[in-house]
Amino acid sequence: MTTLVAIDGLVKNFDASGPAAIDGLTTQIKSNQVTGLVGPDGAGKTTLIRLMAALLTPSDGVIKTCGFDTRDTPEPIRDVIGYMPQKFGLYEDLTVMENLTLYADLRGVVDPQRKDTFERLLAFTDLARFTNRLAGALSGGMKQKLGLACAMLRSPKLLLLDEPSVGVDPISRRELWRMVYTLIGEGVGVVWSTAYLDEAENCAEVIVMNAGRVLYQGDPKAMTATMAGRVFYARGAGAERREGLARALQNPDIVDGVMQGQTIRLVTAQGAPPPTPEILGVAAPVEIVATAPRFEDAFVAMLGGASKRTLSAQARRPVDETDAPSVEARGLTRRFGDFTAADHITFRIHRGEIFGLLGPNGAGKSTTFKMMCGLLRPSEGAALVDGLDLAKAPSAARARLGYMAQKFSLYGDLSVRQNLEFFAGAYGLSGARRRDAVARVVDAFDLTPHLNANAGGLPLGFKQRLALAAAIMHEPPVLFLDEPTSGVDPLTRREFWATINAMVGRGVTVMVTTHFMDEAEYCDRVALIYRGKAIATGAPEELQARVRSEKMPNPTLEDAFIALVEESDRQREAAA
Amino acid sequence: MSAPSGRWRRIRALIVKETRQVSRDPSSFVVAFVLPALLLFLFGFGISFDATRLKVGLVIEDPTPASREFLIALSNTPYFDVHESSDRRAFIDDLSAGKLNGVIVLAGDFSEKLARGDTAAIQVISDGSDPNTAALVTGYMQGAWASWREKRGLGAEAPPGQIEIKARFWFNPELQSRRFLVPGSISLIQMMIGSMLTALVVSREWERGTMEALLATPVGVVEFIIGKLVPNFVLGMIAMGVCVAASLFVFDIPLRGSFLVLTGFTAIFLMVALSIGLLISTVARTQFIASQIAMLVAFLPGLYFSGFLFEVASMPAPLRVFARVVPAYYYVPGLQTIFLAGDIWAVILPESLVLIVMAIALFTLTARKTRQRLD
Amino acid sequence: MLWTRLSALVVKELLAAFRDKKARFALIMPPLIQVFLFAFAATMEVTNVPVGVVNQDWGAQSEQLISRFERASAFSEIRRYDSQADARAAIDRQEVMVVVQIGQDFSRKIAARETPDVSVLLDGRKSNSAQIVNSYLNTIISQFGTETFAPDKLNADSRIVERAWYNPNRDYRNAMVPVLIATLPMTMVLMMVGMSVARERELGTFEQLLVSPLQPLEIVVGKAAPGLLVGLGQCVIISGIVILLFGIPLLGSAAMLFLSLTVFLVAVIGIALFISSLVSTQQQAMMGIMLVMMPAMMLSGFSSPVQNMPDWLQPLALTNPLTHMLVIVRGLFLRDMPFWLVAQRIWPMAVVGMVTMGLAAWMFQRKVQ
């Protein structure tokens with residue numbers, strides 16, 4: 001094992017007056033292993049990777065990649081590294097083969113060696129069937145594999161992957177890891193930056209970054225081990241589990257808590273006693289059992305724990321008991337030409353329930369979601385909000401729902417206040433009602449310090465808060481969330497779900513799409529959408545129970561997801 | 001690894017990639033093919049300064065054989081489309097509505113004065129709100145008047161007091177404005193492909209994140225620049241070929257100079273345009289900004305200061321000075337010369353020299369400015 | 001309710017246009033630059049041109065004629081050439097646009113009261129300027145002739161009394177600059193409205209709008225109204241510059257000008273919205289705008305009169321709102337155009353506006369479903 005990247009006292013300043021993006025960082029990256037680069041948004045992960053690739057010049061300090069100084073000798077570095085940027089760096093108007101050929105030419109992979117390389121990579125990435133497809137027409141997972149193939153053409157010494165798994169479903173993610181492990185066997189060093197902490201557990205070594213500094217470097221298992229005896233499951237809170245979690249998080253002994261289906265996962269502060277059922281403050285009898293820590297527990301604890309901020313009670317008045325809307329999909333079908341994107345999807349979401357639409361990329365969950373919002377007219381069937389058909393009474397139905405789009409669709413060049421006022425107006429609030437609504441969410445979401453800042457320049461967490469605030473301004477009894485935490489770090493994710501949980505507690509009905517298992521764990525029920533069909537619907541535990549076997553005595557939701565998809569594939573093949 | 005063969009292979013790969021992209025991306029296609037065709041069409045058919053038949057109203061307040069004779073003389077010239085009336089008010093509204101270009105009034109005493117030997121006034125009222133056409137109305141009217149007098153036998157023996165002016169327009173005796181507009185529009189098309197398309201395709205690489213991936217490969221600045229230049233250069237030359245064909249066969253414009261000189265001269269100009277495009281792309285990271293800058297620094301000056309629409313010599317001094325840094329200011333006169341006059345080296349050589357100097361200067365600047373890193 | 005939603009849209013759009021320093025700059029500076037550039041650069045007038053002279057006459061008359069050229073304000077200098085061949089070469093080299101050749105018996109013929117001749121050689125490569133120079137020369141030479149030979153009866157049987165109405169000095173600036181009141185806001189509004197929907201699509205905020213209770217027609221109006229406001233604002237500013245700074249008087253009614261500009265901008269916004277209903281990215285929107293803007297500018301009588309176009313192209317020019325607006329602007333600025341004539345030009349623009357707005361609303365409705 002050799003040192004591939006040597007970093008000593010590295011500083012990178014983009015803005016002379018602002019804080020440094022990389023602030024006096026010293027570390028080493030070794031060969032023959034995957035080094036995970038983890039940290040919250042804005043920690044400096046991308047900047048560090050770009051510095052290793054000699055794409056940025058260090059402001060101070062030294063960074064040597066494969067023995068070459070990035071400041072003085074960037075050229076030889078480019079011959080020995082493979083780099084996949086966040087957007088994969090593919091030419092979307094070139095085909096798969098054309099992309100490969102281009103990068104092969106650029107990296108000097110010539111015949112006869114080229115033929116073998118292509119064959120190997122195409123087999124490896126399972127893209128051989130799609131060589132003539134335009135890269136832009138590939139699914140997210142396929143794009144990512146092609147991006148990786150292009151970066152690996154010339155068996156690099158060092159492979160730099162910048163958040164390769166953002167927007168990619170669990171199946172594609174597993175395949176990617178499989179491919180990367182194959183490379184490790186060949187002696188390549190891999191740097192993998194991620195905001196998904198379950199991935200960090202796959203790494204031989206992790207570098208935990210925050211604010212341009214290294215908080216921890218070493219074996220993730222060692223870091224996880226520091227949490228031994230501090231992680232507990234609280235079972236049996238039932239319907240009150242959301243309130244229970246919120247209360248528990250207020251306890252100074254609890255640093256972190258998340259929902260895992262019906263179970264609450266709690267992490268105690270260093271040296272604190274194990275939690276008692278009382279801290280949840282729920283009526284039902286609660287059982288507390290110790291459980292094995294995860295890397296994520298250690299990470300959150302290291303970064304100071306989950307936010308103790310609570311959503312102020314005024315954010316959402318309780319939904320009137322008599323106002324009990326339900327959301328319903330009745331045989332929703334959408335065809336695009338010959339292709340059926342959604343095939344007779346039926347489900348019903350009850351008042352105060354969180355319902356998740358789960359599925360791999362391109363499975364039809366976005367199509368279903370769009371029909372539920374009235375953005376797409378169903379070819380067959382109906383989407384109903386509170387009994388109102390979105391196709392027949394769109395305006396009335398839409399007035400009852402709040403919608404938060406994937407990319408926090410805000411007007412970036414408008415201030416926070418202007419955004420809020422606009423959305424209030426768009427939902428027909430005027431005069432005193434508008435002022436009250438704005439004041440209420442500003443107070444509830446703690447937006448006062450940013451009121452006059454442009455929405456585009458807000459930190460990610462605040463953007464997310466603002467987007468949610470805008471969506472609930474008109475106090476809708478129903479909230480639709482489209483991949484709300486894609487690419488967001490664990491701390492921001494926790495804060496977001498604390499808010500959602502509080503709202504559900506007040507009777508709001510939530511529908512969420514995700515391919516992110518953490519998020520699915522917060523749902524009361526999920527529908528697994530695959531190839532246009534709802535192949536399984538039920539509580540997360542039910543899905544896990546369905547796939548429990550001797551080989552998998554304790555399946556995670558992700559395991560369940562993959563097993564169910566594979567089972568569906570087998571059934572379809574058997575039928576065919 | 002960076003052996004010459006590697007370098008050529010990389011350049012070739014970039015060129016192939018670029019060519020494929022231009023043919024597949026609709027916006028490149030629009031800039032490379034649709035806009036040039038549109039421009040050629042608009043300058044060939046849409047714009048014309050040749051008012052072949054001016055609409056004038058002739059007011060004859062007192063119809064007599066003499067005034068009738070005048071009407072006939074006027075109608076016989078190819079310049080006028082004459083409407084007749086006995087009441088001038090009938091035409092005033094038409095003039096005001098822009099339906100007539102001028103009104104000619106023969107007053108009630110026209111024939112009487114003519115017969116008496118007094119000076120009879122022919123009143124010519126032109127629409128000054130279009131000064132160009134107004135000047136033509138007066139000019140053509142002078143000619144019609146002279147021929148009318150000639151017909152009356154007064155000018156037959158070359159009366160004293162007349163200096164005979166023999167005007168000859170070289171290169172363009174038919175005085176078709178299309179003959180200078182179409183070559184002028186070729187310069188705009190070259191600018192469009194050279195600057196706008198080049199700026200767009202580079203900024204697109206930044207926008208889509210492919211630049212980052214390219215920079216992490218062994219591709220050097222020079223290779224990258226050549227990879228962008230060659231396809232757009234070829235495209236520009238193809239566009240020139242199409243323009244020349246359209247000029248010759250659709251618009252009937254002669255090519256008196258040699259095709260070879262035209263090609264060489266255009267190639268030099270195209271290099272300038274391309275380097276402007278590359279220079280823009282070193283500043284602009286988004287396609288929108290790139291196109292806005294290209295419009296402002298390449299296209300508009302080319303339109304205003306190349307002398308094919310507006311006479312640079314007539315502009316105020318600061319603008320005349322500014323025109324001298326606009327590449328089209330040197331290209332357009334040469335282009336017009338090659339098309340209409342021939343290979344006149346006294347025009348083409350100095351202009352080529354200036355353009356070559358511009359190209360070299362811009363290239364050096366671009367190669368320096370093009371970043372090999374992201375910061 | 002409706003009013004609340006609409007005003008929210010309009011306020012947001014205006015804020016987006018003006019809040020950002022760069023955006024504000026982009027709205028204000030380029031039009032201003034263009035106003036001044038256009039006022040000084042876009043002249044069809046020919047001044048400051050050198051005149052070549054080949055004088056083969058030894059008498060005094062020819063020098064007198066030449067001195068008149070020297071005094072003419074249109075000509076910058078007189079360049080003398082020894083032979084016709086030299087002069088030709090000078091035209092070839094584009095040293096001069098015109099050469100006046102005075103024959104060797106010019107003075108003698110004048111003394112003998114014969115008809116002397118003067119040839120004028122012009123550079124046809126710039127036929128437009130050359131024609132104008134030719135007419136200047138004609139005037140000077142004929143005047144010289146008339147004054148040299150005492151005007152006798154034969155000569156004075158008739159004369160042309162020339163008057164240019166509406167713009168007596170045939171001042172180019174008076175004719176060209178007011179046109180900017182229509183063209184510049186058109187460019188700006190096309191860009192602003194045409195891109196805004198595509199930008200919202202890219203940002204994802206358009207879906208957000210579609211999920212709100214806003215109706216497609218409300219979105220269309222919400223996009224159109226800010227464009228109209230900003231466009232009219234720009235019209236007012238440019239009118240102010242034209243009237244106050246360039247001293248070009250508005251003879252017609254200001255109210256009528258405002259009314260026509262409103263209808264014109266509605267038509268332009270209709271076109272912009274229609275483009276934006278067809279495209280999904282800003283890049284496509286920009287290409288669409290360019291493909292519409294160039295012909296709209298050139299086939300409008302902006303740079304050369306509509307009547308000079310081939311007959312088959314003229315009907316197309318009549319569907320162009322700018323064609324009509326230019327007639328109105330020129331009419332109202334220079335010649336107090338009466339209302340009924342303005343009205344004749346307003347209704348075609350109104351038709352274009354209604355058709356494109358309707359199409360845009362229909363397209364948005366269709367896209368949603």
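Chain identifiers are assigned alphabetically (A, B, ...) following the order of the sequence lines, protein sequences preceding nucleic acid strands; residue numbering begins at 1 within each chain.
- Looking at A:A151, neither its backbone nor its side chain comes within 4.5 Å of chain B, counting heavy atoms on both sides.
- Here the shortest heavy-atom pairing between A:L94 and B:K17 reads CD1-CG, 3.5 Å.
- If you measure heavy-atom distances from A:S59 to chain B, you find no contacts under 4.5 Å at all.
- For A:I77, no part lies near chain B; criterion is any non-hydrogen pair under 4.5 Å.
- A:L106 has its side chain out of reach of B:R9: every pair of non-hydrogen atoms, C-beta onward, lies at least 4.5 Å apart.
- The two residues A:R78 and B:L215 come nearest to each other via the heavy atoms NE-O, 2.7 Å.
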TODO: Assess whether side chain to side chain contact (heavy atoms under 4.5 Å, CB included) is satisfied between B:L214 and A:Y91, documenting all intermediate values.
DONE: CA-CA 11 Å; B:L214 273 191; A:Y91 288 94; 3.2 Å; yes
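- When all heavy atoms are compared, the tightest approach of A:Y103 to B:T210 is OH-O, 4.5 Å.
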TODO: Test salt bridge (charged side-chain N to carboxylate O under 4.0 Å, His left out) on A:E98 and B:R20 and set out the steps.
DONE: CA-CA 9 Å; A:E98 285 164 355; B:R20 284 192 176 127; 3.0 Å; yes
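- Among A:T101, A:L56, A:V110, the residue making the largest number of heavy-atom pairs under 4.5 Å with chain B is A:L56.
- Residue B:I11: no heavy atom, backbone or side chain, is found under 4.5 Å from chain A.
- The contact between A:L90 and chain B is made entirely by backbone atoms, counting heavy-atom distances below 4.5 Å.
- The number of heavy-atom neighbours closer than 6.0 Å to NZ of A:K143, taken from other residues, nucleotides and ligands shown, is above 12.
- Here the OG-CG distance, from B:S28 to A:D93, works out to 7.5 Å after rounding to the nearest 0.5 Å.
- A:L102 is not listed as a side-chain neighbour of B:V16, based on a closest heavy-atom distance of 4.5 Å or more.
- Applying a 4.5 Å heavy-atom cutoff, the residues of residues 191-209 of chain B that approach chain A are B:E205, B:E207, B:R208, B:G209.
- Contact detail for A:L55 and B:A216: the closest heavy-atom pair is CD2-N, 4.0 Å.
- A:Q86 places none of its side-chain heavy atoms less than 4.5 Å from the side chain of B:E212.
- Chosen from A:E75, A:M84, A:R50, A:K12, the residue pairing most often with chain B at heavy-atom distances under 4.5 Å is A:R50.
- Heavy atoms only, all atoms of each residue included: B:A13 and A:D105 are closest at CB-CB, 3.1 Å.
- Counting non-hydrogen atoms of other residues, nucleotides and ligands closer than 6.0 Å to NZ of A:K64 gives a total of 12 or fewer.
- Residues that satisfy the side-chain contact (heavy atoms from CB on, under 4.5 Å) test with A:S155, not counting sequence neighbours, are A:R120.
- Smallest separation of non-hydrogen atoms from A:R107 and B:P218: NH1-CD, 4.0 Å.
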